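Below is one structure, written out as structure tokens, with a few remarks after it.
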Amino acid sequence: SGDGRRVERPCRAGPGPRERGGVLIGRVGEQATLRAALDDAAGGVVRTVLLVGEPGIGKTALLDDALATAAGRSTVRLGAVEMERGMPGAAMSLLAAALPHLVRELPAASRVAFADAAGGVMDDRAPAAFLRLLSALAGSGPAVLAADDMQWWDRPTRLALAFALRRLADVPFTALLAGRSECRTDPALAGLPQLEVLPLADDDAIGVLQLTAPAMPTAVARSLLPALAGNPLALVQTAGA
């Protein structure tokens with residue numbers, strides 16, 4: 001939050017198998033990209049990264065890993081639920097609920113926009129209100145917004161968020177977003193920098209299987225690879241079973 005506390009919102013847990021040293025298996029490149037975005041923002045550059053990929057591919061684990069390295073920053077972590085994707089303002093109201101002290105300090109029109117969003121009403125005040133709130137979040141130092149399951153955010157909020165991120169400038173702010181593959185071509189998110197999270201390579205997939213089930217012979221692990229297609233969640237669940 002704005003006073004330096006971490007604000008958590010309910011979010012689906014993602015797979016997070018780790019090697020020794022805290023490195024996600026097979027995700028060194030993605031981790032480096034997210035940490036570079038955090039470092040750039042600490043220097044006063046606004047950075048946005050939209051992680052896209054299939055369900056279970058590890059987007060949530062990457063968000064969690066990035067936030068674990070964001071010590072000293074104000075962080076807001078938001079999720080979404082599928083049943084609210086058709087409710088205008090549902091996701092916008094979650095942001096307001098996470099930062100009530102900052103919402104109270106906004107101009108009257110912006111406060112009303114957030115109040116209306118909680119009631120399912122969004123109009124042309126919403127994008128500017130979003131921009132003012134993100135600017136206020138970063139006003140006292142480096143800040144991070146981590147937003148998961150963007151495919152379930154209601155469309156008006158996705159539009160308002162993208163509007164704000166395209167115009168936010170000269171503040172130390174990082175937006176780390178994640179959504180399923182359909183977000184890659186979502187017009188509401190067009191123009192935001194994307195990072196595709198791909199299936200794990202075979203050696204990394206075997207590493208996940210054997211980390212979850214240490215007694216699994218390599219030959220057995222290798223025989224499972226074609227069916228599991230490098231998906232970390234499928235690998236973890238299969239090894240657990």
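In what follows, every heavy atom counts, from backbone to side chain, and hydrogens, waters and symmetry copies are set aside. The structure presented is a predicted model; accordingly, all values stated were derived computationally and were not measured.
Linking Ile, Leu, Val, Met, Phe, Trp and Tyr residues whenever their side-chain heavy atoms come within less than 4.5 Å leaves Phe173 and Val45 in two separate clusters. If you chain together hydrophobic residues whose side chains sit under 4.5 Å apart, Leu133 and Val112 never meet in one group. Criterion: ILVMFWY side-chain heavy atoms under 4.5 Å apart, direct or through other members. Under it, Leu200 and Val220 are part of a common hydrophobic cluster. In the hydrophobic clustering of this structure, Leu95 groups with Leu168; members are Ile, Leu, Val, Met, Phe, Trp, Tyr whose side-chain heavy atoms approach within less than 4.5 Å, directly or through other members.
Residues His101 and Glu105 come closest through the heavy atom pair O-CG, 3.4 Å. Closest non-hydrogen pair, Ala98 versus Val76, comes out as CB-CG1, 4.0 Å. Between Ala42 and Pro142 the shortest heavy-atom distance is CA-CG, 4.2 Å. Taking all atoms of both residues into account, the shortest heavy-atom contact from Gly230 to Leu235 is C-CD1, 4.1 Å. Looking at every heavy atom in both residues, Ala129 comes nearest to Ala113 through CB-CB, 3.9 Å. Nearest heavy atoms, Ala213 versus Ala239: CB-O, 3.8 Å.
Remark: Thr174 OG1 to Leu38 CG distance equals 4.5 Å, nearest 0.5 Å. In this structure, the separation between CG on Leu131 and CG on Leu161 is 11.0 Å, given to the nearest 0.5 Å. A distance of 11.5 Å separates CD1 of Ile25 from CD1 of Ile206, quoted to the nearest 0.5 Å. Atoms CG and CE, from Asp154 and Met87 in turn, are 8.5 Å apart once rounded to the nearest 0.5 Å. Between the OG1 atom in Thr69 and the CG atom in Leu34 there is a gap of 8.5 Å [rounded to 0.5 Å]. Here the CZ-CE distance, from Phe114 to Met122, works out to 8.5 Å after rounding to the nearest 0.5 Å.
Val208 pairs with exactly one of Thr238, Leu24, Val236 by the side chain to side chain contact (heavy atoms under 4.5 Å, CB included) rule, that one being Val236.
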Worked check of side chain to side chain contact (heavy atoms under 4.5 Å, CB included) between Asp64 and Arg77: CA-CA 9 Å; Asp64 290 341; Arg77 179 76 152 81; 2.6 Å; yes
Given side chain to side chain contact (heavy atoms under 4.5 Å, CB included), test Leu50 with Leu195 step by step and report yes or no. CA-CA 6 Å; Leu50 172 61; Leu195 175 62; over 6 Å; no
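Using modelled atom types, no side-chain atom of Lys59 and backbone atom of Asp148 make a donor-acceptor pair closer than 3.5 Å. A donor-acceptor pair under 3.5 Å links the side-chain atoms of Asn231 to the main chain of Ala234, judged by distance alone. A donor-acceptor pair is defined here as one N or O able to donate and one able to accept, closer than 3.5 Å; no such pair exists between the side chain of Thr157 and the backbone of Trp153.
Residues Cys183 and Arg158 form no side-chain contact, since every pair of their non-hydrogen atoms from C-beta on lies 4.5 Å or further apart. Annotation: side chain of Leu99 is in contact with side chain of Leu137 (closest heavy-atom distance under 4.5 Å). Counting heavy atoms from C-beta on, the side chains of Leu209 and Leu225 come closer than 4.5 Å. Side-chain contact between Val49 and Leu192 is absent, with no heavy-atom pair separated by less than 4.5 Å. Under the 4.5 Å side-chain criterion, counting only non-hydrogen atoms from C-beta, Arg27 is not in contact with Asp65. Proximity of Pro127 to Leu159: side-chain heavy atoms (C-beta onward) are nowhere separated by under 4.5 Å. Put simply, the side chain of Pro156 does not reach to within 4.5 Å of the side chain of Met92, judged on heavy atoms. Side-chain atoms of Leu177 and Leu51, non-hydrogen and from C-beta on, never get closer than 4.5 Å to each other.
In this structure, Arg166 fails the cation-pi test against Phe163, since its NZ or CZ atom is not both closer than 6.0 Å to the six-membered ring centre and inside 45 degrees of the ring normal.
Membership of an apolar cluster is not assigned to Leu198, as no side-chain contact below 4.5 Å to another ILVMFWY residue is traced. Taking Ile, Leu, Val, Met, Phe, Trp and Tyr as hydrophobic and joining them when side-chain heavy atoms fall under 4.5 Å apart, one finds Val81 in a cluster with Met83.
Pro55 meets the side-chain contact (heavy atoms from CB on, under 4.5 Å) test with Arg180; sequence neighbours excluded. Every side-chain contact (heavy atoms from CB on, under 4.5 Å) that Arg111 has, sequence neighbours left out, goes to Leu106, Ala108. For Asp123, the salt bridge (charged side-chain N to carboxylate O under 4.0 Å, His left out) test picks out Arg125, with sequence neighbours left out. Residues passing the salt bridge (charged side-chain N to carboxylate O under 4.0 Å, His left out) test with Asp40, sequence neighbours excluded: Arg47. Residues passing the salt bridge (charged side-chain N to carboxylate O under 4.0 Å, His left out) test with Arg155, sequence neighbours excluded: Asp186. In this structure, the side-chain contact (heavy atoms from CB on, under 4.5 Å) partners of Gln237, at least two apart in sequence or on a different chain, are Leu233. The salt bridge (charged side-chain N to carboxylate O under 4.0 Å, His left out) check on Glu54 picks up nothing, with sequence neighbours excluded.
Applying the side chain to side chain donor-acceptor pair (under 3.5 Å) rule to pairs touching residues 82-100 yields nothing, sequence neighbours excluded. The side chain to side chain donor-acceptor pair (under 3.5 Å) contacts involving residues 188-197 comprise Arg184-Glu196, where partners must be two or more places apart or lie in separate chains. Sorted by first and then second residue, the side chain to side chain donor-acceptor pair (under 3.5 Å) pairs involving residues 215-225 (not counting sequence neighbours) are Gln210-Thr218.
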